[in-house]
Amino acid sequence: MGELLKLSFRSLQTNLLRSFLTMLGIMIGVATVIAMISIGQGTNDQVTSQIQSLGSNLITVTASSSSGQGGTGSDVTLKLADADPISKIDTVKYVAPVMQATGQFKNGANLASTSVIGTTPSYADIKSWETDIGRFFTEDEVTDKAKVVVLGATTAENLFGKAGFDAIGSIVKINNIPFRVIGVLKSKGSSGSADLDDTAIAPITTVQSRFQSGSSRNAIRQILVEAKSPNAIQSTMALMEYTMRQSHKLGSGEDDFKVQSQEDVLSSAESVTKTLTLFLGGVAAISLLVGGIGIMNIMLVSVTERTREIGTRKAIGAKEGTILSQFLVESVTLAILGGVIGVLLGFGGSKLVGNMMSIKTAISLNSVLLAVGFSACIGIVFGVFPARKAAKLDPIEALRYE
């Protein structure tokens, strides 16, 4: 085997450019597989982390119809009043109805455009939002439809400068309606390309009366619920479904709402991202097959070029197995070298794409071993035919070959 490896590297060195071009298909294929899998895995980890950060006891109620989901249209299936019966369930700790509107913010010459979340004080407890300065609004302010707002760190900075310390007590106009700033949230950072701090939160009754009109005024986006303990999640979900069906008077009809736990959301998200990762990896793996065909073509050319060498070796006693091994080792060496270089390129490519897309890539040892192992298998599979052709050559015909 040592002698075969020496012969293999000597053959590669003799035709460096051709060897490099032969390995190029494998290099690109392995690099693409590594990059795609690492980006997919990084996306999966990021989504999982975001969902888990919301709390393990979280349950979400959303409208099942598209018209209710967005809070527009006449077929409203989720209303602010739906939160009241849910809050009376014994196993429920917090309930926060949520609606959303787009706001144009103005503070003097400073302008900002961001979403305004309408909700209740329990939203801060469920989401673990804390104020950096100031405070969150109260239930009394929700009841009074008070024009108060809590700004995200980015929104506060855009309107009031660094850190937004001058924000508290100031008046900002949202869609030309004056609001008093009562708090600035602690920074949550970013999620991919989305800035979690570019937001504003106001009492849901205020958002409902000031920013919504027509049938959409009664519609809410979702209801966030936190169960008292992880063990109470399933029973709480069952009670919520029963309560919602009673309040909506559905009878034997289908649900016009959807109740999901954090585990359900997490499972769905992981399923989607894993499927996407497999799809991307499968598409990238096609280039490995193209690289394998390139190796087979070059090895066939090599057999033709070295026909006299093969004849000489067989004439002095080399067996078919030895000739077969010689060309097979050369094929596998090409594939493995291309695979190793491809892994390095894949590392660099995944980091580059991850930085451009603001995604933390995750390269696993399994993906590296899979890519290199697959490239080695390709070297064997696509190298067998040329190697067998070389091994089967008749020594007399080979020596006479011109």
Side-chain angles (χ1 to χ4, degrees), residues 58-89 92 94-106 112-127 129 131 134-152 155 159 171-185 196 198-226 240 243-244 247-249 256-259:
L58 182 66
I59 302 171
T60 306
V61 184
T62 55
S64 60
S65 67
S66 58
S67 58
Q69 285 275 12
T72 60
S74 58
D75 186 19
V76 175
T77 62
L78 204 59
K79 302 178 181 179
L80 180 58
D82 290 326
D84 293 332
I86 293 176
S87 64
K88 296 175 183 177
I89 298 175
V92 168
Y94 297 116
V95 177
V98 179
M99 71 182 346
Q100 194 165 332
T102 301
Q104 299 293 329
F105 289 70
K106 183 177 181 181
S113 178
T114 188
S115 62
V116 182
I117 297 173
T119 186
T120 61
S122 297
Y123 183 85
D125 297 307
I126 295 173
K127 289 277 195 175
W129 282 103
T131 54
R135 62 177 179 84
F136 214 78
F137 50 83
T138 64
E139 288 288 353
D140 288 338
E141 287 170 324
V142 174
T143 303
D144 296 338
K145 301 179 182 179
K147 291 183 289 184
V148 294
V149 65
V150 180
L151 302 177
T155 306
L159 293 172
I171 301 297
V172 298
K173 287 187 176 181
I174 309 176
N175 295 350
N176 291 321
I177 301 172
F179 277 73
R180 181 166 56 89
V181 180
I182 60 172
V184 175
L185 297 169
L196 300 179
D198 189 11
T199 188
I201 307 175
I204 190 168
T205 50
T206 308
V207 174
Q208 188 178 43
S209 61
R210 297 288 179 173
F211 301 130
Q212 304 291 349
S213 61
S215 59
S216 64
R217 176 169 291 181
N218 296 321
I220 61 174
R221 184 181 180 186
Q222 61 183 2
I223 300 174
L224 300 181
V225 178
E226 183 177 330
M240 285 170 59
T243 301
M244 289 286 291
S247 61
H248 285 203
K249 299 178 181 179
D256 58 0
F257 59 90
K258 192 174 184 179
V259 180

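Every heavy atom of this structure was used, including side-chain atoms; hydrogens, water molecules and symmetry mates were not.
Rounding to the nearest 0.5 angstrom, the gap separating the NZ atom in K79 from the CD atom in Q208 is 11.0 Å. With rounding to the nearest 0.5 Å, the separation of CD1 in I126 from OG1 in T120 is 7.0 Å. The structure places CD1 of I86 at 7.5 Å from OG of S247, a figure rounded to the nearest 0.5 Å. We find the CZ-CZ distance between F105 and F179 to be 8.0 Å, quoted to the nearest 0.5 Å. Interatomic distance, I204 CD1 to Y123 OH, rounded to the nearest 0.5 Å: 11.0 Å. With values rounded to the nearest 0.5 angstrom, L224 atom CG is found 12.0 Å from D125 atom CG.
Nearest heavy-atom pair across A200 and V149 is CB-CG2, 3.9 Å. Among all heavy-atom pairs drawn from A112 and L159, the shortest one is CB-CD2, 4.0 Å. Residues S115 and Q100 come closest through the heavy atom pair CB-NE2, 3.2 Å. In terms of heavy-atom proximity, V142 sits nearest to P121 at CG2-CD, 3.8 Å. Annotation for V207 and G118: closest pair CG2-CA, 3.6 Å, computed over non-hydrogen atoms.
Within the 4.5 Å cutoff, the side chain of F257 has no heavy atoms near those of the D82 side chain. Side-chain contact check for L151 versus L185: every heavy-atom pair is 4.5 Å or farther apart. Side chains of M244 and L78 form a contact here, defined as non-hydrogen atoms less than 4.5 Å apart. With a 4.5 Å cut-off on side-chain heavy atoms, K88 and T243 do not count as touching. Under the 4.5 Å side-chain criterion, counting only non-hydrogen atoms from C-beta, I182 is in contact with V150.
Using a distance-only test at 3.5 Å, with no hydrogens or angles considered, no donor-acceptor pair links the side chain of T131 to the main chain of F136. The main-chain N or O of A146 is found under 3.5 Å from a side-chain atom of T206 such that the two form a donor-acceptor pair. Using a distance-only test at 3.5 Å, with no hydrogens or angles considered, a donor-acceptor pair links the side chain of T119 to the main chain of P97. Between the side chain of T114 and the backbone N or O of D198, at least one donor-acceptor pair lies under 3.5 Å.
Scanning for side-chain contact (heavy atoms from CB on, under 4.5 Å) contacts around S209 gives K145, with sequence neighbours left out. Evaluation of the salt bridge (charged side-chain N to carboxylate O under 4.0 Å, His left out) rule for R135 yields E141 as partners, not counting sequence neighbours. Under the side-chain contact (heavy atoms from CB on, under 4.5 Å) criterion, N175 pairs with Q104, F211, not counting sequence neighbours.
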Quick one, T205 with T143, criterion side chain to side chain contact (heavy atoms under 4.5 Å, CB included). Give me CA distance, side-chain angles, the key distance, then yes/no.
CA-CA 7 Å; T205 50; T143 303; over 6 Å; no

